[in-house]
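Worth saying up front: this structure is predicted, and the values here are computed from it rather than measured. Each chain gets a letter, A, B and so on, in the order its sequence line appears, and its residues count up from 1.
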Protein chains: 2
Amino acid sequence: MSASVIDGKAIAADVRASVAKAVSQLPGQPSLAVVLVGEDPASQVYVRNKVRQTEEAGMVSVHHRLPETASQQDVESLITELNADDSVDGILLQLPLPKGLDADAAIEKIAPDKDVDGLTEVSAGRLTLGKPGLVACTPTGCVILAKRALGADLSGKHVVVIGRSILVGKPAALLFLAENCTVTIAHSRTKDLPAVCRAADILVPAVGRPGMVKADWVKPGAAIIDVGINRVDAPEKGEGKTRLVGDADYADCAEVAGHITPVPGGVGPMTIACLLRNTVLAACARRGWNVPEGL
Amino acid sequence: MSASVIDGKAIAADVRASVAKAVSQLPGQPSLAVVLVGEDPASQVYVRNKVRQTEEAGMVSVHHRLPETASQQDVESLITELNADDSVDGILLQLPLPKGLDADAAIEKIAPDKDVDGLTEVSAGRLTLGKPGLVACTPTGCVILAKRALGADLSGKHVVVIGRSILVGKPAALLFLAENCTVTIAHSRTKDLPAVCRAADILVPAVGRPGMVKADWVKPGAAIIDVGINRVDAPEKGEGKTRLVGDADYADCAEVAGHITPVPGGVGPMTIACLLRNTVLAACARRGWNVPEGL
């Protein structure tokens with residue numbers, strides 16, 4: 001093991017602390033509306049965490065619940081109300097929606113200036129065009145982790161993103177590009193993926209294939225920002241037990257990489273921290289406040 | 001010279017012919033509104049060409065002129081009118097606008113469904129998110145040229161785009177990604193640019209630096225789609241004479257490449273052809289017509 005561990009849990013705590021400090025310096029209290037439709041147990045846990053962390057950072061969090069039986073119209077009407085509500089700075093629609101509802105159409109109803117998940121067409125377009133806007137949380141977290149490992153100036157680093165999802169792969173590529181990195185987007189159709197990955201100073205696997213990235217895919221000294229979170233069997237922990245692993249084979253890659261994020265405790269904790277940060281940024285942009293330093 | 005020449009002029013003529021054929025099969029006539037503000041001589045030529053080629057393809061072209069002294073409000077009001085005009089399928093705002101006008105703000109007034117230049121935030125977002133929408137014309141032309149050289153299935157090809165402009169570099173990268181290519185975006189901050197370029201099966205220089213790409217930047221057999229159009233001195237043609245060259249050193253690169261676009265006569269002619277194509281696509285999407293085959 002030669003790689004130094006990028007401690008996402010600690011860095012996420014730093015981001016949350018900087019958000020809380022920023023909030024305390026603002027002339028008003030940012031407010032996040034969280035919309036949960038239905039009874040999905042995992043979604044309930046996520047929403048609870050988001051609400052709690054928003055409040056811990058000194059912001060207002062309003063939790064809106066709609067029943068499993070809510071219609072598309074019900075969901076969109078609620079979003080339209082929240083768009084019009086001047087006290088609301090950010091709107092988060094917890095996904096997935098119950099079957100039969102059109103998540104894309106609902107997301108498009110969110111006012112881009114309140115789109116703290118960065119999921120609307122306008123938010124994606126602003127990112128692509130290099131205009132100010134709200135950017136998806138997980139890719140933002142990846143860039144923050146890379147900067148903590150390698151320094152604030154990532155200019156000229158070659159980033160290889162594996163995966164081209166709209167939630168992570170593509171926005172991560174665009175964000176690293178905005179940091180003046182050379183960026184390669186690889187995916188399932190890429191030929192000789194190991195060779196492509198070996199060009200990377202920063203390797204960002206985001207495909208959901210446990211342990212896919214091996215040591216011989218990694219340039220010595222490279223940073224691995226592992227977005228994969230995969231549940232696999234863990235017979236060593238007892239019958240029927242499981243554990244979480246990333247897309248990189250951690251033990252193997254850590255022998256070669258210079259920096260690596262663990263799973264869990266790497267990219268995962270950054271997502272909510274970046275949501276809180278986006279809520280502050282949305283509030284500042286909407287209300288004409290200066291963004292506090294250090295955010 | 002080993003490379004075969006990708007004849008953009010002939011391929012653009014094919015695209016225009018397929019547009020004209022498509023138009024003749026539609027239940028109605030698509031219509032393009034072209035807005036020219038001021039008296040810029042080059043813009044007047046461009047607009048005249050666009051209007052003429054639109055009409056030659058069997059479509060309606062309406063040319064709107066505003067004086068050099070037009071206000072931002074004048075420009076935006078005209079666009080708003082054209083958005084509301086059901087007979088208009090595509091709106092093209094000729095750039096640059098006269099000094100003092102905000103082109104970005106004016107472009108954002110264009111209804112995304114009529115944005116045949118693919119310049120609005122929503123159009124860029126749809127491209128990034130992989131949703132149906134209108135895509136900028138020059139990058140669309142690059143993909144068509146690459147397919148004509150290498151075949152319709154570009155899956156797995158490694159594309160290196162040099163340049164990250166919002167008009168060409170970034171949309172070209174996203175379009176080739178949608179064709180299942182591995183895509184690298186390189187630029188002025190890229191380290192060892194020649195080595196990065198040598199990985200390319202398809203090399204797309206789009207930076208505006210005459211003759212920058214040399215033979216030793218090119219993998220033997222690669223296709224070069226040269227977006228650069230640079231005017232340089234041509235003393236061999238006589239004192240004070242100039243000629244157009246691309247970003248690739250054509251004579252040098254043609255020794256190594258498998259396929260290469262000339263400048264002029266490569267990417268350039270594709271742009272208006274793709275504008276005509278976008279006008280048909282916009283009309284079909286707006287009016288619920290099937291897109292004719294072969295477009």
Side-chain angles (χ1 to χ4, degrees), chain A residues 104-105 107-108 112 115 118-133 135-136 153-167 169-171 173-193 195-201, chain B residues 104-105 107-108 112 115 118-133 135-136 153-167 169-171 173-193 195-201:
Chain A
D104 268 0
I107 287 166
E108 281 308 319
D115 174 24
L119 296 180
T120 60
E121 292 172 358
V122 169
S123 293
R126 288 175 178 169
L127 174 61
T128 303
L129 299 174
K131 294 184 181 180
V135 181
D153 182 10
L154 300 179
S155 174
K157 302 284 184 199
H158 194 148
V159 177
V160 176
V161 178
I162 318 174
R164 49 178 164 165
S165 71
I166 60 177
L167 281 176
K170 285 196 270 193
L174 290 162
L175 274 179
F176 279 110
L177 187 62
E179 297 288 338
N180 297 318
C181 297
T182 303
V183 176
T184 297
I185 309 173
H187 45 78
S188 57
R189 305 295 192 86
T190 294
K191 287 179 183 157
D192 200 354
L193 184 55
V196 171
C197 291
R198 274 193 298 273
D201 301 307
Chain B
D104 267 0
I107 287 166
E108 281 308 320
D115 174 26
L119 294 180
T120 60
E121 291 172 359
V122 169
S123 293
R126 288 176 179 168
L127 173 61
T128 303
L129 298 175
K131 293 184 181 181
V135 180
D153 182 10
L154 300 178
S155 174
K157 302 284 184 199
H158 194 149
V159 177
V160 176
V161 178
I162 318 175
R164 48 178 164 165
S165 70
I166 60 177
L167 281 177
K170 285 196 272 192
L174 289 163
L175 273 180
F176 279 110
L177 187 63
E179 297 288 339
N180 296 318
C181 298
T182 303
V183 177
T184 296
I185 310 172
H187 45 78
S188 57
R189 305 295 192 86
T190 293
K191 288 179 182 155
D192 200 354
L193 184 56
V196 170
C197 290
R198 275 194 297 274
D201 302 307

Could you check which of A:Leu119, A:Thr184, A:Val161 has the highest count of heavy-atom pairs closer than 4.5 Å to chain B?
A:Thr184
Most heavy-atom pairs under 4.5 angstrom with chain B, which of A:Val159, A:Val160, A:Leu177?
A:Leu177
Within the distance-only criterion (no hydrogens, no angle test), does the side chain of A:His187 pair as donor or acceptor with the backbone N or O of B:Cys181 below 3.5 angstrom?
yes
Restricting to salt bridge (Lys or Arg N to Asp or Glu O under 4.0 Å), what partner residues turn up for A:Arg198, sequence neighbours left out?
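Here no residue qualifies.
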Can you name the closest pair of heavy atoms from B:Lys170 and A:Leu129 and give their distance?
NZ-C, 4.2 Å
Please give me the minimum heavy-atom distance between A:Thr182 and B:Ala186, naming the atom from each residue.
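For A:Thr182 and B:Ala186, the tightest heavy-atom pair comes out as CG2-CA, 4.3 Å.
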Region of B:Glu179 in contact with chain A, defined by heavy-atom distances below 4.5 Å:
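B:Glu179 has no heavy atom closer than 4.5 Å to chain A.
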Side chain, backbone, both or neither: which part of B:Ser123 has a heavy atom under 4.5 Å from chain A?
neither
Tell me which of these, B:Val122, B:Leu174, B:Ile185, B:Ile166, has more heavy-atom pairs under 4.5 Å with chain A than the rest.
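Max contact count across the listed options: B:Ile185.
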Residue pair B:Thr128, A:Arg126: steps toward the side-chain contact (heavy atoms from CB on, under 4.5 Å) verdict:
CA-CA 10 Å; B:Thr128 303; A:Arg126 288 175 178 169; over 6 Å; no
Applying side-chain contact (heavy atoms from CB on, under 4.5 Å) to A:Arg189 and B:Leu154, what does each step give before you reach the verdict?
CA-CA 10 Å; A:Arg189 305 295 192 86; B:Leu154 300 178; over 6 Å; no
Please report the C-alpha distance between B:Lys131 and A:Asp104 in whole Å, then the side-chain angles of each, then the deciding distance to 0.1 Å, and finally whether the side-chain contact (heavy atoms from CB on, under 4.5 Å) criterion is met.
CA-CA 10 Å; B:Lys131 293 184 181 181; A:Asp104 268 0; 3.9 Å; yes
With sequence neighbours excluded, tell me which residues meet side-chain contact (heavy atoms from CB on, under 4.5 Å) with B:Lys191.
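Not a single residue meets the side-chain contact (heavy atoms from CB on, under 4.5 Å) criterion with B:Lys191.
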Residue A:Thr120 versus chain B: region with a heavy atom under 4.5 Å:
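Backbone of A:Thr120 only, per the 4.5 Å heavy-atom cut-off to chain B.
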